[in-house]
Amino acid sequence: MDIEEREVDYEFPPYVRVYKDGYVERLQGEDFLPPTADPEIGVSSKDVTIDQKTGLIARLYLSTDLATAENTTQKLPLLVYFHGGAFLVSSPFNSTYHNHVNTIVSQAKVVAVSVHYRRAPDNPIPIAYEDSREALRWVASHKDGKGQEGWLNNHADFDRVFLAGDSAGANISHRMVLTAGDENSRFNMDIRGLALVQPYFWGSKSIGSEKDDQALKNFVDEIWSIVSPSSMPVPGLDDPQINPFGEGAPSLKNLKCKKVIIFVGEKDVLRQRGWLYYETLKNSGWEGEAQIEETEGEGHVFHLLDPTSEKAKKLVKALLAFLLS
């Protein structure tokens, strides 16, 4: 059926338009760049299917020198990246995220796996978490050099595994590390570090500057009701999946990693939640190393919107230093 013939059920700009037959039209982040060997920065990429049944896919990145070399097993830090997009839009394959991870791999000399989890509203929470956990189990299957993907068998250093993401992807990264010790959530792989870039956390009660713009707060409130309808009305915005500080949320003391870095933007509506995460983690009894970086005068995912700016380059430089530490 042509899209013009479908009847609209509801719209949630700037993210999605949902039709009554269940079809979801995503309004941004749907451009596609094919995997390639990029001669300008010396990085190769390829797409792999992790689960044929669910359509779970990831894009892998490795320096072209290693990707084309024979009989080399040089080990590099392993980055597993989860993209943002409010759980609704974007993918590892669009120009924003492909170029972002390409840059990280080029400059940090890591091997990277960028996960394409299924997105809401047609695949509501907890599907994104389930896909992400399955992707991590697939990555971990290469730990002994016997997985299906040679790039990981030969070049991933499983003593230096990092999880990272921005916005909703940072939320996913947090959930993966927090629940890594649960019997049903284990993925047989130790995590060295967790990088949360402007993480998407929220709650029913406004904190700090969230009180200054009620319309914006209402908009952010509505995102969770769309991506996780099973959470509504209770626990709603205090579901531990979106509010890791609320009543009944597991303690951040349980984070299964050695170090954490959080990035926030001064003008980001999610700024206060990033700071609260840092402060709560520091006071939780967790024994790792935590740091936070705030960028003055910038809003949400500014480094993706204007990646050539000096402030964006500074953020990426700090992320690279974290991955190599």
Side-chain angles (χ1 to χ4, degrees), residues 12-16 26-36 38-43 45 59 61 79 81-110 112 114-116 119 162 164-173 195-202 209-210 212-213 215-216 219-220 223 261-275 277-278 291-324:
F12 186 56
Y15 296 122
V16 294
R26 291 182 165 84
L27 305 178
Q28 59 171 280
E30 291 300 286
D31 61 303
F32 180 87
L33 290 182
T36 185
D38 189 329
E40 290 189 11
I41 60 174
V43 174
S45 57
R59 178 161 289 183
Y61 298 81
L79 169 65
Y81 193 88
F82 300 95
H83 67 83
F87 292 102
L88 293 164
V89 297
S90 288
S91 79
F93 318 125
N94 69 24
S95 55
T96 296
Y97 284 105
H98 177 77
N99 292 334
H100 181 54
V101 179
N102 238 4
T103 297
I104 293 172
V105 172
S106 171
Q107 296 183 15
K109 306 305 180 186
V110 299
S114 186
V115 179
H116 185 39
R119 300 161 296 178
F162 294 83
D166 63 278
S167 195
N171 175 297
I172 291 173
S173 299
L196 306 177
V197 184
Q198 295 129 28
Y200 171 36
F201 300 128
W202 205 239
S209 59
E210 294 171 4
D212 297 343
D213 190 334
L216 181 57
F219 174 78
V220 181
I223 294 174
I261 188 169
I262 305 110
F263 294 90
V264 297
E266 181 190 16
K267 294 185 177 181
D268 185 1
V269 67
L270 302 179
R271 171 185 178 272
Q272 298 288 342
R273 303 286 167 170
W275 272 103
Y277 188 97
Y278 171 74
Q291 65 184 106
I292 188 166
E293 300 277 344
E294 178 166 335
T295 303
E296 181 180 356
E298 296 294 346
H300 195 55
V301 297
F302 71 92
H303 65 296
L304 299 177
L305 299 174
D306 186 9
T308 62
S309 71
E310 290 306 312
K311 290 180 180 179
K313 292 177 181 178
K314 183 178 179 181
L315 185 154
V316 171
K317 184 177 180 180
L319 176 58
L320 300 178
F322 180 76
L323 297 177
L324 295 176

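Hydrogens, waters and symmetry mates are skipped; everything else that's a heavy atom, side chains included, is used. Bear in mind the structure is a predicted one, so any value in this text is a computation, not a measurement.
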What are the two closest heavy atoms between [X] and [Y], and how far apart are they?
| X | Y | value |
| --- | --- | --- |
| P92 | S114 | CB-OG, 3.2 Å |
| L270 | H300 | CD1-CE1, 3.5 Å |
| L79 | A164 | CD1-CB, 3.7 Å |
| S167 | G84 | CB-CA, 4.3 Å |
| G29 | N94 | O-ND2, 3.1 Å |

When you check the side-chain N and O atoms of E210 and W202, is any donor under 3.5 Å from an acceptor?
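The criterion, which ignores hydrogens and geometry beyond distance, is not satisfied for W202 and E210.
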Quiz question: by atom type and distance under 3.5 Å, do the side chains of D166 and Y97 form a donor-acceptor pair?
yes
Please confirm whether the backbone N or O of [Y] pairs with a side-chain atom of [X], one donor and one acceptor, at under 3.5 Å?
| X | Y | value |
| --- | --- | --- |
| S309 | A312 | yes |
| R26 | S90 | no |
| Q198 | V301 | yes |

Check the pair F219, V269 against side chain to side chain contact (heavy atoms under 4.5 Å, CB included), reporting the backbone distance first and the verdict last.
CA-CA 11 Å; F219 174 78; V269 67; over 6 Å; no
Hey, what do you get for [atom1] ([X]) to [atom2] ([Y]), rounding to the nearest 0.5 Å?
| X | Y | atom1 | atom2 | result |
| --- | --- | --- | --- | --- |
| H98 | T103 | NE2 | OG1 | 9.0 Å |
| Y15 | F87 | OH | CZ | 11.5 Å |
| I41 | N99 | CD1 | CG | 7.5 Å |
| R273 | L196 | CZ | CG | 15.0 Å |
| L320 | K109 | CG | NZ | 11.0 Å |
| R271 | I262 | CZ | CD1 | 13.0 Å |

Please examine the side chains of [Y] and [X], heavy atoms only from C-beta on, and report whether any two atoms are closer than 4.5 Å.
| X | Y | answer |
| --- | --- | --- |
| N102 | D38 | yes |
| S209 | Q272 | yes |
| L33 | S95 | yes |
| F201 | N171 | yes |
| I104 | Y61 | no |
| E293 | I261 | yes |
| F12 | L27 | no |
| V264 | E294 | yes |

Is the distance from the ring center of H100 to that of H83 below 6.0 Å?
no
Are the aromatic ring centres of Y278 and F263 under 6.0 angstrom apart?
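Between F263 and Y278, which both carry aromatic rings, the centre distance is not below 6.0 Å.
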Using the rule given for side chain to side chain contact (heavy atoms under 4.5 Å, CB included), can you reason through V197 versus H303, listing the C-alpha separation, both sets of side-chain angles and the distance that settles it, and then say yes or no?
CA-CA 10 Å; V197 184; H303 65 296; 3.5 Å; yes
Tell me, please, which residues at least two apart from H116 pass ring-ring contact (aromatic ring centres under 6.0 Å, His included).
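H116: ring-ring contact (aromatic ring centres under 6.0 Å, His included) contacts with F93.
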Pairing of K314 and E296 as salt bridge, 4.0 angstrom limit
no
Does R59 count as lying over the ring of F32, i.e. NZ or CZ under 6.0 Å from the six-ring centre, within 45 degrees of the axis?
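Satisfied, under 6.0 Å and within 45°.
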